[in-house]
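Notes for the one structure printed next.
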Number of protein chains: 2
Amino acid sequence: MPLDPLSSTFAALADPTRRAILARLALGETSVMELAKPFDMSLPAISKHLKVLEHAGLISRGREAQWRPCRIAPSSFKQVDGWLGNFRRFWDESFNRLDGLLEEMKAEEAAKAPPHTTRKVRVKKEKQRGRTRG
Amino acid sequence: MPLDPLSSTFAALADPTRRAILARLALGETSVMELAKPFDMSLPAISKHLKVLEHAGLISRGREAQWRPCRIAPSSFKQVDGWLGNFRRFWDESFNRLDGLLEEMKAEEAAKAPPHTTRKVRVKKEKQRGRTRG
DNA sequence: CATTTACTTAGCTCATCGGTTAAATAACCT
DNA sequence: AGGTTATTTAACCGATGAGCTAAGTAAATG
(Lines give C-alpha, C1' and ligand atoms only; values in the text may rest on other atoms or scores of the structure.)
Protein backbone atom coordinates (compact mmCIF):
# COMPACT_ATOMS: atom_id res chain seq x y z
CA MET A 1 0.00 0.00 0.00
CA PRO A 2 1.62 3.15 -1.19
CA LEU A 3 2.00 6.10 1.07
CA ASP A 4 0.22 9.35 0.39
CA PRO A 5 2.25 11.71 -1.79
CA LEU A 6 3.38 13.99 1.00
CA SER A 7 4.61 11.07 3.07
CA SER A 8 6.59 9.64 0.17
CA THR A 9 8.10 13.02 -0.45
CA PHE A 10 9.14 13.59 3.15
CA ALA A 11 10.44 10.03 3.34
CA ALA A 12 12.51 10.65 0.23
CA LEU A 13 13.93 13.82 1.75
CA ALA A 14 14.85 12.03 4.96
CA ASP A 15 18.04 10.62 3.47
CA PRO A 16 21.23 12.70 3.27
CA THR A 17 22.40 10.96 0.11
CA ARG A 18 19.17 11.84 -1.62
CA ARG A 19 19.30 15.42 -0.41
CA ALA A 20 22.86 15.65 -1.72
CA ILE A 21 21.66 14.34 -5.08
CA LEU A 22 18.97 16.99 -5.14
CA ALA A 23 21.53 19.64 -4.26
CA ARG A 24 23.64 18.50 -7.21
CA LEU A 25 20.61 18.55 -9.48
CA ALA A 26 19.84 22.07 -8.39
CA LEU A 27 22.95 23.00 -10.38
CA GLY A 28 21.52 21.37 -13.47
CA GLU A 29 20.38 18.20 -15.16
CA THR A 30 22.91 15.37 -15.20
CA SER A 31 23.44 11.63 -15.62
CA VAL A 32 23.33 8.83 -13.06
CA MET A 33 27.06 8.22 -13.36
CA GLU A 34 27.77 11.86 -12.68
CA LEU A 35 25.43 11.84 -9.73
CA ALA A 36 27.03 8.71 -8.31
CA LYS A 37 30.60 10.04 -8.40
CA PRO A 38 30.68 11.87 -5.05
CA PHE A 39 29.40 8.87 -3.12
CA ASP A 40 31.22 5.86 -1.76
CA MET A 41 28.34 3.68 -2.72
CA SER A 42 27.47 1.12 -5.38
CA LEU A 43 25.69 2.21 -8.52
CA PRO A 44 22.60 0.16 -7.77
CA ALA A 45 22.30 2.01 -4.49
CA ILE A 46 22.26 5.32 -6.35
CA SER A 47 19.81 3.90 -8.85
CA LYS A 48 17.48 3.02 -5.99
CA HIS A 49 17.81 6.47 -4.49
CA LEU A 50 16.88 7.98 -7.83
CA LYS A 51 13.89 5.72 -8.06
CA VAL A 52 12.76 6.87 -4.66
CA LEU A 53 13.23 10.51 -5.63
CA GLU A 54 11.35 9.99 -8.85
CA HIS A 55 8.50 8.19 -7.13
CA ALA A 56 8.35 11.04 -4.64
CA GLY A 57 7.93 13.46 -7.51
CA LEU A 58 11.13 15.30 -6.64
CA ILE A 59 12.94 14.50 -9.87
CA SER A 60 12.02 13.48 -13.38
CA ARG A 61 14.08 11.46 -15.80
CA GLY A 62 14.62 11.61 -19.54
CA ARG A 63 16.30 9.32 -22.03
CA GLU A 64 19.21 10.28 -24.19
CA ALA A 65 20.91 7.28 -25.75
CA GLN A 66 22.17 5.17 -22.86
CA TRP A 67 21.89 7.98 -20.36
CA ARG A 68 18.94 8.77 -18.12
CA PRO A 69 19.41 12.42 -17.31
CA CYS A 70 17.79 13.51 -14.07
CA ARG A 71 16.43 16.91 -13.21
CA ILE A 72 14.54 18.56 -10.40
CA ALA A 73 10.76 18.32 -10.64
CA PRO A 74 9.02 21.25 -8.98
CA SER A 75 5.64 19.91 -7.94
CA SER A 76 6.54 17.96 -4.81
CA PHE A 77 8.80 20.72 -3.57
CA LYS A 78 5.88 23.02 -3.98
CA GLN A 79 3.62 20.72 -2.02
CA VAL A 80 6.09 20.46 0.81
CA ASP A 81 6.39 24.22 0.89
CA GLY A 82 2.63 24.49 0.91
CA TRP A 83 2.30 22.12 3.81
CA LEU A 84 5.03 23.93 5.68
CA GLY A 85 3.11 27.14 5.14
CA ASN A 86 0.52 25.98 7.65
CA PHE A 87 3.16 26.35 10.31
CA ARG A 88 5.04 29.37 9.07
CA ARG A 89 3.59 31.63 11.70
CA PHE A 90 5.42 29.60 14.36
CA TRP A 91 8.84 30.70 13.22
CA ASP A 92 8.29 33.62 10.90
CA GLU A 93 6.86 36.10 13.31
CA SER A 94 6.13 38.65 10.70
CA PHE A 95 4.17 36.15 8.69
CA ASN A 96 1.02 36.82 10.55
CA ARG A 97 -1.02 39.49 8.89
CA LEU A 98 -2.15 41.19 12.06
CA ASP A 99 1.39 41.34 13.22
CA GLY A 100 2.35 42.76 9.87
CA LEU A 101 -0.27 45.45 10.04
CA LEU A 102 0.78 46.34 13.54
CA GLU A 103 4.37 46.64 12.51
CA GLU A 104 3.40 48.79 9.62
CA MET A 105 1.42 51.10 11.86
CA LYS A 106 4.30 51.35 14.28
CA ALA A 107 6.60 52.13 11.40
CA GLU A 108 4.30 54.83 10.20
CA GLU A 109 4.25 56.33 13.64
CA ALA A 110 7.95 56.02 14.19
CA ALA A 111 8.61 57.71 10.88
CA LYS A 112 7.26 60.93 12.35
CA ALA A 113 8.88 60.69 15.73
CA PRO A 114 12.65 61.19 15.57
CA PRO A 115 15.61 59.96 17.60
CA HIS A 116 14.40 58.49 20.85
CA THR A 117 12.28 55.92 19.06
CA THR A 118 15.23 54.52 17.18
CA ARG A 119 15.46 51.43 19.31
CA LYS A 120 11.87 50.59 18.74
CA VAL A 121 12.26 51.00 15.04
CA ARG A 122 15.18 48.63 14.97
CA VAL A 123 13.21 46.02 16.80
CA LYS A 124 10.42 46.48 14.34
CA LYS A 125 12.70 46.07 11.37
CA GLU A 126 14.02 42.83 12.71
CA LYS A 127 10.58 41.49 13.14
CA GLN A 128 9.63 42.62 9.70
CA ARG A 129 12.52 40.81 8.11
CA GLY A 130 11.07 37.97 6.14
CA ARG A 131 7.61 39.37 5.96
CA THR A 132 6.42 38.50 2.53
CA ARG A 133 2.74 38.93 2.40
CA GLY A 134 0.57 41.81 3.06
CA MET B 1 24.56 6.47 15.01
CA PRO B 2 21.88 9.09 15.04
CA LEU B 3 20.84 10.73 11.85
CA ASP B 4 21.71 14.32 11.13
CA PRO B 5 19.03 16.74 12.37
CA LEU B 6 17.53 17.45 8.98
CA SER B 7 17.16 13.76 8.25
CA SER B 8 15.45 13.09 11.57
CA THR B 9 13.13 15.97 10.93
CA PHE B 10 12.15 14.85 7.45
CA ALA B 11 11.78 11.28 8.69
CA ALA B 12 9.47 12.50 11.43
CA LEU B 13 7.39 14.39 8.90
CA ALA B 14 7.09 11.34 6.65
CA ASP B 15 4.29 9.87 8.72
CA PRO B 16 0.67 11.01 8.28
CA THR B 17 -0.19 10.37 11.92
CA ARG B 18 2.64 12.60 13.03
CA ARG B 19 1.70 15.30 10.55
CA ALA B 20 -1.87 15.14 11.83
CA ILE B 21 -0.57 15.55 15.36
CA LEU B 22 1.37 18.61 14.27
CA ALA B 23 -1.71 19.98 12.57
CA ARG B 24 -3.61 19.57 15.81
CA LEU B 25 -0.83 21.24 17.75
CA ALA B 26 -0.90 24.15 15.36
CA LEU B 27 -4.23 24.95 16.99
CA GLY B 28 -2.61 25.06 20.38
CA GLU B 29 -0.80 23.17 23.10
CA THR B 30 -2.55 20.06 24.37
CA SER B 31 -2.19 16.77 26.22
CA VAL B 32 -1.26 13.33 24.94
CA MET B 33 -4.75 11.98 25.62
CA GLU B 34 -6.28 14.78 23.62
CA LEU B 35 -3.84 14.20 20.79
CA ALA B 36 -4.57 10.49 20.76
CA LYS B 37 -8.34 10.82 20.51
CA PRO B 38 -8.72 11.14 16.73
CA PHE B 39 -6.62 8.05 16.06
CA ASP B 40 -7.58 4.41 16.07
CA MET B 41 -4.32 3.55 17.70
CA SER B 42 -3.00 2.56 21.09
CA LEU B 43 -1.71 5.18 23.46
CA PRO B 44 1.84 3.81 23.43
CA ALA B 45 1.85 4.24 19.67
CA ILE B 46 0.99 7.91 20.07
CA SER B 47 3.58 8.22 22.79
CA LYS B 48 6.18 6.87 20.39
CA HIS B 49 5.12 9.28 17.68
CA LEU B 50 5.49 12.14 20.11
CA LYS B 51 8.93 10.94 21.06
CA VAL B 52 9.91 10.95 17.40
CA LEU B 53 8.51 14.44 16.91
CA GLU B 54 10.30 15.67 20.00
CA HIS B 55 13.59 14.12 18.98
CA ALA B 56 13.15 15.73 15.56
CA GLY B 57 12.81 19.09 17.28
CA LEU B 58 9.31 19.61 15.92
CA ILE B 59 7.60 19.70 19.29
CA SER B 60 8.57 20.37 22.87
CA ARG B 61 6.94 19.01 25.98
CA GLY B 62 6.18 20.46 29.37
CA ARG B 63 4.95 19.02 32.65
CA GLU B 64 1.77 19.95 34.39
CA ALA B 65 0.80 17.48 37.07
CA GLN B 66 0.23 14.17 35.31
CA TRP B 67 -0.03 15.76 31.88
CA ARG B 68 2.78 16.33 29.43
CA PRO B 69 1.45 19.11 27.27
CA CYS B 70 2.91 19.23 23.77
CA ARG B 71 3.44 22.27 21.63
CA ILE B 72 4.99 23.12 18.29
CA ALA B 73 8.70 23.92 18.42
CA PRO B 74 9.75 26.33 15.69
CA SER B 75 13.42 25.56 15.09
CA SER B 76 13.18 22.43 12.98
CA PHE B 77 10.38 23.85 10.89
CA LYS B 78 12.62 26.78 10.25
CA GLN B 79 15.47 24.54 9.21
CA VAL B 80 13.29 22.63 6.81
CA ASP B 81 12.09 25.87 5.33
CA GLY B 82 15.66 27.03 5.02
CA TRP B 83 16.71 23.89 3.21
CA LEU B 84 13.71 24.12 0.95
CA GLY B 85 14.75 27.64 0.11
CA ASN B 86 17.66 26.30 -1.92
CA PHE B 87 15.12 24.97 -4.37
CA ARG B 88 12.52 27.68 -4.28
CA ARG B 89 13.46 29.03 -7.67
CA PHE B 90 12.29 25.76 -9.22
CA TRP B 91 8.66 26.32 -8.38
CA ASP B 92 8.24 29.89 -7.20
CA GLU B 93 8.44 31.93 -10.34
CA SER B 94 8.62 35.20 -8.54
CA PHE B 95 11.63 34.03 -6.60
CA ASN B 96 14.15 34.50 -9.33
CA ARG B 97 15.79 37.84 -9.73
CA LEU B 98 14.57 38.87 -13.14
CA ASP B 99 11.06 38.15 -12.17
CA GLY B 100 11.60 40.01 -8.94
CA LEU B 101 12.82 43.05 -10.80
CA LEU B 102 9.82 42.90 -13.04
CA GLU B 103 7.52 42.79 -10.04
CA GLU B 104 9.29 45.72 -8.56
CA MET B 105 8.86 47.73 -11.72
CA LYS B 106 5.20 46.88 -11.87
CA ALA B 107 4.81 47.84 -8.23
CA GLU B 108 6.56 51.12 -8.88
CA GLU B 109 4.20 51.80 -11.70
CA ALA B 110 1.14 50.91 -9.72
CA ALA B 111 2.45 53.10 -6.92
CA LYS B 112 0.84 56.22 -8.29
CA ALA B 113 -2.37 55.61 -6.44
CA PRO B 114 -1.79 54.08 -2.95
CA PRO B 115 -0.58 56.35 -0.16
CA HIS B 116 2.02 54.17 1.53
CA THR B 117 5.45 55.45 2.40
CA THR B 118 6.56 51.96 3.30
CA ARG B 119 5.58 50.60 -0.05
CA LYS B 120 9.00 50.58 -1.61
CA VAL B 121 10.52 48.73 1.30
CA ARG B 122 7.87 46.08 1.23
CA VAL B 123 8.32 45.44 -2.45
CA LYS B 124 12.02 45.08 -1.94
CA LYS B 125 11.55 42.54 0.81
CA GLU B 126 9.23 40.62 -1.39
CA LYS B 127 11.82 40.44 -4.08
CA GLN B 128 14.40 39.18 -1.64
CA ARG B 129 12.29 36.43 -0.28
CA GLY B 130 10.85 35.77 -3.66
CA ARG B 131 7.39 35.22 -2.42
CA THR B 132 4.50 37.32 -3.35
CA ARG B 133 0.91 36.91 -2.71
CA GLY B 134 -0.52 35.81 -6.01
C1' DC C 1 28.44 -9.42 -34.17
C1' DA C 2 31.01 -8.58 -29.91
C1' DT C 3 32.35 -5.22 -26.61
C1' DT C 4 31.93 -1.36 -23.88
C1' DT C 5 29.21 2.00 -21.41
C1' DA C 6 25.24 3.23 -18.70
C1' DC C 7 22.17 1.92 -16.11
C1' DT C 8 18.33 -1.38 -13.74
C1' DT C 9 16.57 -5.64 -11.64
C1' DA C 10 16.88 -9.57 -8.54
C1' DG C 11 17.88 -11.50 -4.45
C1' DC C 12 19.99 -11.30 -0.12
C1' DT C 13 21.15 -9.18 4.77
C1' DC C 14 20.55 -6.38 8.58
C1' DA C 15 18.61 -2.40 10.96
C1' DT C 16 14.89 0.49 11.80
C1' DC C 17 9.93 1.52 12.08
C1' DG C 18 5.11 1.33 13.21
C1' DG C 19 2.16 -1.16 15.55
C1' DT C 20 0.70 -4.36 19.40
C1' DT C 21 -0.11 -5.84 24.69
C1' DA C 22 1.41 -5.90 29.38
C1' DA C 23 3.65 -3.74 32.94
C1' DA C 24 5.82 0.38 35.12
C1' DT C 25 5.92 5.23 36.66
C1' DA C 26 3.97 9.50 38.20
C1' DA C 27 0.79 12.66 40.00
C1' DC C 28 -3.65 13.62 41.68
C1' DC C 29 -7.92 12.32 44.68
C1' DT C 30 -10.34 10.33 48.11
C1' DA D 1 -2.77 4.08 51.99
C1' DG D 2 -5.30 2.79 47.83
C1' DG D 3 -7.32 3.95 43.53
C1' DT D 4 -7.83 6.51 39.33
C1' DT D 5 -5.85 9.06 35.47
C1' DA D 6 -2.07 10.15 32.35
C1' DT D 7 1.75 8.66 30.12
C1' DT D 8 6.03 5.88 29.32
C1' DT D 9 8.85 1.62 29.00
C1' DA D 10 9.61 -3.19 27.69
C1' DA D 11 9.30 -6.86 24.76
C1' DC D 12 7.80 -8.53 20.74
C1' DC D 13 6.36 -8.86 15.50
C1' DG D 14 5.87 -8.01 10.55
C1' DA D 15 7.02 -4.70 7.03
C1' DT D 16 9.99 -1.54 4.96
C1' DG D 17 14.49 0.57 3.81
C1' DA D 18 19.33 1.06 2.67
C1' DG D 19 23.12 -1.28 1.46
C1' DC D 20 25.55 -5.15 -1.05
C1' DT D 21 26.82 -8.49 -5.23
C1' DA D 22 25.65 -10.62 -9.36
C1' DA D 23 23.17 -10.73 -13.34
C1' DG D 24 20.17 -8.45 -16.91
C1' DT D 25 18.94 -4.79 -20.43
C1' DA D 26 19.76 -1.15 -23.74
C1' DA D 27 22.17 1.70 -26.72
C1' DA D 28 26.61 3.35 -28.83
C1' DT D 29 30.99 1.60 -30.93
C1' DG D 30 34.74 -1.21 -32.64
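Since we're looking at a predicted model, the values are computed, not measured. In the text below, chain A, chain B and the rest are named by the order of the sequence lines, each starting its count at 1. For the numbers below, each heavy atom of this structure counts, side chains included, while hydrogens, waters and symmetry mates do not.
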Go through residues 33-44 of chain B and report each residue with a non-hydrogen atom lying under 4.0 Å from DNA chain C, sorted by number.
B:Met41, B:Ser42, B:Pro44
Looking at the side chain of A:His49, which of C:dA27, D:dC12, D:dA18 is the nearest nucleotide?
D:dA18
Whole-Å distance, B:Lys51 NZ to D:dA6 P, equals 21 Å
May I ask you to say what A:Arg61 touches in the nucleic acid, namely base, sugar-phosphate or nothing, with a heavy-atom cut-off under 4.0 Å?
sugar-phosphate
Do you see a donor-acceptor pair shorter than 3.5 Å between the side chains of B:Thr30 and B:Arg71?
no
Output the rounded distance in Å from CZ (B:Arg68) to P (D:dT5).
17 Å
Main-chain N/O of A:Leu3 paired to A:Ser7 side chain as donor or acceptor, under 3.5 Å
no
Value for CD (A:Glu54) from OG (A:Ser76), rounded to nearest 0.5 Å, stands at 11.5 Å
Per A:Ser47 side chain, nearest of listed nucleotides C:dG11, C:dT8, C:dA6:
C:dT8
Could you tell me the separation between the CD atom of A:Glu64 and the C1' atom of C:dT5, rounded to a whole number of Å?
16 Å
Return the value, rounded to whole Å, for the distance between atom NE2 of A:His55 and atom C1' of D:dA18.
17 Å
Between D:dA6 atom P and B:Leu50 atom CG, what is the distance in whole Å?
15 Å
Quick check for you: among D:dA27, D:dA11, D:dT8, whose closest atom lies nearest to any side-chain atom of A:Gln66?
D:dA27
Using a 4.0 Å heavy-atom cut-off across all strands, classify B:Arg18 as base, sugar-phosphate, or nothing.
sugar-phosphate
At 4.0 Å (heavy atoms only), tell me whether A:Lys48 reaches a base, stays on the sugar-phosphate, or touches nothing.
base
Closest approach to the side chain of A:Ala65, judged atom by atom: which nucleotide of D:dA27, C:dA27, D:dC20 is it?
D:dA27
Rounded to whole angstrom units, what separation is found between the CH2 atom of A:Trp67 and the C1' atom of D:dA27?
9 Å
Starting at CG of B:Leu3 and ending at C1' of D:dG19, how long is that distance when rounded to a whole Å?
15 Å
What orientation do B:Phe10 and B:Trp83 show, parallel under 30°, tilted 30 to 60°, or perpendicular over 60°?
perpendicular
When rounded to the nearest 0.5 angstrom, what is the spacing between CG in B:Leu53 and OG in B:Ser8?
11.5 Å
Straight-line distance of A:Lys48 NZ to A:Arg18 CZ, nearest 0.5 Å
11.0 Å
Take the protein atom CD1 of A:Ile46 and the nucleotide atom P of C:dT9, then report the distance between them rounded to whole Å.
15 Å
We want to know whether B:Arg68 and B:Ser31 form a side-chain donor-acceptor pair, criterion being a heavy-atom distance below 3.5 angstrom.
no
